[in-house]
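This is a predicted model, so every value here is computed, not measured. Below, chain A is the first sequence line, B the second, and so on; all start at residue 1.
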Amino acid sequence: MSSPIEAVRGMRDVLPGEQRATAQVRAALERTLAQHGYAHIDLPIVEQRELYLRKLGEELVGKVYEFSFGGRDLALRPEWTASVLRAYVSAMQDQPLPMRIAYSGPVFRYERPQRGTYRQFTQVGVELVGGPAPRADAEAMALACAGLDAVGVKSYRVVVGHIGLIREILASLGLEERTQGTLAWSMERMRAEGVAALRERISETIGAPPPGLELPAGLDEDQATSWLLGMLDAMRIDLSTGTRDPQDVVARLLRKLRRGDPQPQIDRALDLLYRLSQLHGSPADVLPQVATLLTEAGLESVAYVELRAILALLADHGIDQDRVEIDLGLGRGLHYYTGLIFEIYDGDQMQICGGGRYDDLVSALGGRHPTPAVGFAYGLERVAALATAVAPPAERVALVSPVSDDDYAYALDVARRLRLRGFTTTVDVRGRSVATNLRDAARRGVGYLAVVGTEERAQGTVVWRNLTSRDERRVALDEIGDG
RNA sequence: GUGCUUGUAGCUCAAUGGUUAGAGCGCCUGACUGUGACUCAGGAGGCUGUGGGUUCGAGACCCAUCAGGCACCCCA
């Protein structure tokens, strides 16, 4: 006997029992999204590798399944948003905005497998393209909650952050774009490891160039570029293997070498961000603290006003305020977010949903007009594990037991008639005895057994047995299943 | 990516470093030729995850590797 072949690590077989339950949850979620006006689309699992290189964030880029085939660099999609907006830009820009789009299907991420964490899992989600803040943000969050309610997930928490607020503060301090990005996406790290650790880390990647590494004086942009390329080439550093093209790399290097952000500015940013990252709790508690913080810093914040409006609208949507928490230290791994970001957790800290606003992504993917957009995705398997409300539809199941080989054709005819009458019907293919078929039917939970032999075949009848009540009688073919 | 833990029959688990690795459940066949869950009898099913090593002798001890689980990290 040859040895069995195992499923690939992190990939799992979904067997009939689980598949049935998961499909119910999936259908219920999709129904909820459809009822809110989101049109379902389907898109390829395989995309150009390039689609994910720029805006995904280092953490997630490292988890993308990439491969080359036929000279193309390809990737298995690690999430849907990029694909949906790619499709929007390529074929849906003629549609009236806002567009409400729903999707569901597998995504792939190379992560350490665990319970509730698989390398292939299913995302069910939406994108609201052309939906501006704050109403579209509140709609998205409320819809995410509605789906969970529809499948009976009970004790979930909605955690709300706003990356636009962070960016606004950093911009007002006059920090470079790149510095802003690095700091904005370090919020989680800062909370976990403190300011000092982050300051250390930051100084390695941003700020003034170390002494001795300055550019030769008096070079213009082109001269500096070719000088740098020459240096890199002389050092045999191959730029073609990275995720950015060589021009991009050099341009970034140049910017870094020409000027860094002054340390006082960075320290001030770190201090402000640290205090923001500590703000965590109910909106009623946190919002006033944010306001105080902004006033002390002498900052006017559009994002803060927007966040307040979103939360107020969320209440108007009927979302239980006790479920909502603000966490301004929230920094999601997808770097394309520009405003609201939110995550939904069940009671046990398992994240079951995540989303946010990404107003620059349509343009970044080549869209004609800047288009605001917001969306979210559920992890279907995680939601299904918590779903309680979905009842499988009752079905009547019958087994047809031919007594001898001569009765098999007649048994098939009986089965066809049973299916027409709504029974899920199988015919014994193993030539088993009536006794064995009964035993088998009882074990499988089959409700009805039709015995067909010589006599029934001659009469056009079956022996129709209800396995639950043990009631049995001979009935004509036309009357099968009545009562 | 880091740390820990577990892999023995289809499933749940036994087996002090010492015969031919067992049990329950499940599966298959049958119990005077067409009637049941719980009966009875019989049967199939294993290179102990894989590959090395230590030992007279390894399912057990050591190393590696693969897979599952747990806690981080991150996410859905």
Pairs under 3.5 Å (N/O, protein and nucleotides 3-9 of chain B):
{"residue": "G3(B)", "atom": "O6", "partner": "Arg112(A)", "partner atom": "NH2", "Å": "3.4"}

Checklist entry - With both distances under 3.5 angstrom, what nucleotide forms a Watson-Crick or G-U wobble pair with A44(B)? => result none
Next on the checklist: For the C1' atoms, the ones on C63(B) and on G69(B), what distance do you get once it is rounded to whole angstrom?
Outcome noted: 23 Å
Checklist entry - Does any donor-acceptor pair link the side chain of Glu472(A) with the base of G36(B) at a separation under 3.5 Å? => result no
Next on the checklist: It should be established whether Arg9(A) places a side-chain nitrogen or oxygen under 4.0 Å from OP1 or OP2 of nucleotide A67(B).
Outcome noted: yes
Checklist entry - Is there a donor on the side chain of Arg443(A) or the base of G36(B) sitting less than 3.5 Å from an acceptor on the other? => result no
Checklist entry - So, is Gln351(A) near the phosphate of A76(B), with a side-chain N or O under 4.0 Å from OP1 or OP2? => result yes
Item to check | Side-chain N,O (Arg439(A)) to OP1/OP2 (U35(B)) below 4.0 Å | outcome: no
Checklist entry - If pairing requires Watson-Crick or G-U wobble contacts with both distances under 3.5 Å, which nucleotide is the partner of A64(B)? => result U50(B)
Item to check | A71(B) pairs with, by Watson-Crick or G-U criteria that keep both distances under 3.5 Å | outcome: U2(B)
Item to check | Counter-base of G26(B), judged by Watson-Crick or G-U geometry with both distances under 3.5 Å | outcome: none
Item to check | Residue whose closest nucleotide on RNA chain B lies nearer the 5' end, Asp440(A) versus Thr454(A) | outcome: Asp440(A)
Checklist entry - With rounding to whole Å, what would you report as the distance between U16(B) and A21(B) at their P atoms? => result 15 Å
Item to check | Nearest-nucleotide 5' precedence on RNA chain B, Ile344(A) against Val403(A) | outcome: Val403(A)
Next on the checklist: Run Arg443(A) and Asp440(A) through salt bridge (charged side-chain N to carboxylate O under 4.0 Å, His left out) and show every step you take.
Outcome noted: CA-CA 5 Å; Arg443(A) 201 181 106 66; Asp440(A) 185 58; 5.6 Å; no
Checklist entry - For atom P, what is the distance between G24(B) and C61(B), given to the nearest Å? => result 27 Å
